[in-house]
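Everything on this sheet refers to the single structure shown next.
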Amino acid sequence: MVNILKSNSVLKALLSYFNNGVIHLTFDLADMNSVAQTTYPSRDSFHITFNEQFMDDEGWSKILRHDNMNYDWSKVNSVDEALVVTLTHEAIHANHFAIFNDARIQAENKKFDTAYILQQKGYSQEFIDIFIDKDTNEWTTNEQRDISMHEYMNKYDLGVIDSALEEYRNDYK
């Protein structure tokens, strides 16, 4: 994983918010109900946890058949490639939330101002709706955010995963 994070420009771009030292990112293993998850213990600390059931002494050990953003897992040829796909999926989550959180901090936690900052930076209303409920003008719940983010990722980010996977293949095959 360390080598992948060091060499893959797609992952580096996704995790660029974490390179400047403002937001802290950690990785962990745990026995859990999902393959991996990204959590946000605070505004400046993000945490990516991988399911230890998918790991063995050699590293990542399983290739999935499906996930919650409908990635085509038939493209994945090895457990190392499966790790790249999973890591990229979680990096996309972290990136989206870091973009939103940066705008929210700039807006001093004001919803309208957060949306305005995101719009000024070129983010679509569809992206903003992941974080601000357009019907209630409140922050979305964790459940709403998770569903909306996966729908958004399915629509716009599958190619990002393909790019990370292709770069991995070029670097390590």
Side-chain angles (χ1 to χ4, degrees), residues 1-2 4-52 67-71 83-165 167:
M1 186 167 86
V2 172
I4 293 167
L5 289 169
K6 283 182 180 178
S7 68
N8 196 294
S9 66
V10 176
L11 285 166
K12 282 183 177 182
L14 288 170
L15 298 174
S16 63
Y17 269 90
F18 306 96
N19 287 337
N20 62 17
V22 174
I23 300 172
H24 182 70
L25 176 65
T26 58
F27 295 92
D28 196 9
L29 294 172
D31 185 12
M32 53 193 214
N33 292 331
S34 61
V35 175
Q37 66 182 20
T38 303
T39 56
Y40 320 98
S42 71
R43 292 192 307 185
D44 55 358
S45 180
F46 289 29
H47 193 76
I48 295 177
T49 304
F50 297 97
N51 190 330
E52 64 188 19
D67 63 18
N68 48 11
M69 68 177 277
N70 298 314
Y71 186 73
L83 174 60
V84 171
V85 170
T86 302
L87 185 57
T88 306
H89 177 124
E90 294 306 317
I92 292 168
H93 278 300
N95 176 265
H96 288 170
F97 202 84
I99 290 165
F100 158 72
N101 203 42
D102 184 39
R104 185 175 70 171
I105 290 168
Q106 290 176 45
E108 298 176 347
N109 215 35
K110 297 175 187 155
K111 292 172 210 73
F112 178 79
D113 293 346
T114 300
Y116 180 76
I117 289 168
L118 289 169
Q119 287 171 340
Q120 292 303 302
K121 289 182 176 186
Y123 293 97
S124 67
Q125 187 62 48
E126 190 173 9
F127 181 85
I128 295 165
D129 290 346
I130 294 170
F131 304 99
I132 303 171
D133 187 308
K134 63 184 168 202
D135 296 327
T136 64
N137 198 32
E138 295 295 329
W139 302 121
T140 55
T141 64
N142 289 339
E143 183 179 328
Q144 286 174 302
R145 189 177 310 122
D146 190 51
I147 291 167
S148 296
M149 194 175 296
H150 282 114
E151 289 172 355
Y152 185 90
M153 290 165 66
N154 182 39
K155 195 170 183 180
Y156 298 107
D157 293 318
L158 294 175
V160 174
I161 294 176
D162 287 339
S163 295
L165 185 56
E167 186 171 326

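Computed from a predicted model, the values in this text were never measured in an experiment.
With rounding to the nearest 0.5 Å, the separation of CD1 in I4 from CG in L83 is 4.5 Å. Taking CD1 from I132 and CZ from R104, the interatomic distance works out to 10.0 Å, rounded to the nearest 0.5 Å.
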Steps toward side-chain contact (heavy atoms from CB on, under 4.5 Å) verdict (Y152, I92): CA-CA 11 Å; Y152 185 90; I92 292 168; over 6 Å; no
Criterion side-chain contact (heavy atoms from CB on, under 4.5 Å) on F50 and V35, from CA distance to verdict: CA-CA 6 Å; F50 297 97; V35 175; over 6 Å; no
Chi angles and distances behind the side-chain contact (heavy atoms from CB on, under 4.5 Å) call for M32, E52: CA-CA 8 Å; M32 53 193 214; E52 64 188 19; over 6 Å; no
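Closest non-hydrogen pair, L11 versus A91, comes out as CD2-CB, 3.8 Å. When every heavy atom of T88 is checked against every heavy atom of V84, the shortest pair comes out as OG1-O, 2.7 Å. In terms of heavy-atom proximity, T140 sits nearest to D129 at CG2-O, 3.7 Å.
Scored by the side-chain contact (heavy atoms from CB on, under 4.5 Å) test, K110 finds E108, D113 as partners (sequence neighbours excluded).
In this pair, F112 and Y116 present their aromatic rings parallel. The plane angle is below 30°, not in the 30 to 60° band.
At least one side-chain heavy atom of K121 sits under 4.5 Å from a side-chain heavy atom of Q106. Y71 is listed as a side-chain neighbour of V85, based on a closest heavy-atom distance under 4.5 Å. Looking at heavy atoms from C-beta onward, D102 lies out of side-chain contact with I117 at the 4.5 angstrom threshold. The closest side-chain heavy-atom distance from M149 to F131 is below 4.5 Å. Counting heavy atoms from C-beta on, the side chains of Q125 and Q119 come closer than 4.5 Å. Between L15 and L5 the shortest side-chain heavy-atom distance falls below 4.5 Å. Annotation: side chain of Y156 is not in contact with side chain of S124 (no heavy-atom distance under 4.5 Å). With a 4.5 Å cut-off on side-chain heavy atoms, N68 and H89 count as touching.
Distance alone, capped at 3.5 Å, is enough to place a donor-acceptor pair between the S16 side chain and the A13 backbone. The main-chain N or O of S7 is never found under 3.5 Å from a side-chain atom of K12 such that the two would form a donor-acceptor pair. Checked by atom type and distance alone, the side chain of N70 never pairs as donor or acceptor with a backbone atom of N154 at under 3.5 Å.
No hydrogens or angles considered: nothing links the side chains of T49 and Q37 as a donor-acceptor pair under 3.5 Å.
With F100 as the fixed residue, the ring pair (Phe, Tyr, Trp, His ring centres under 6.0 Å) test singles out one of F46, Y123, W139, F127: W139.
Residue N33 qualifies as open at atom CG: its count of foreign heavy atoms under 6.0 Å is 12 or below.
Within the structure, the salt bridge (Lys or Arg N to Asp or Glu O under 4.0 Å) test picks out the following pairs touching residues 140-165 (sequence neighbours left out): K75-D162, E126-K155.
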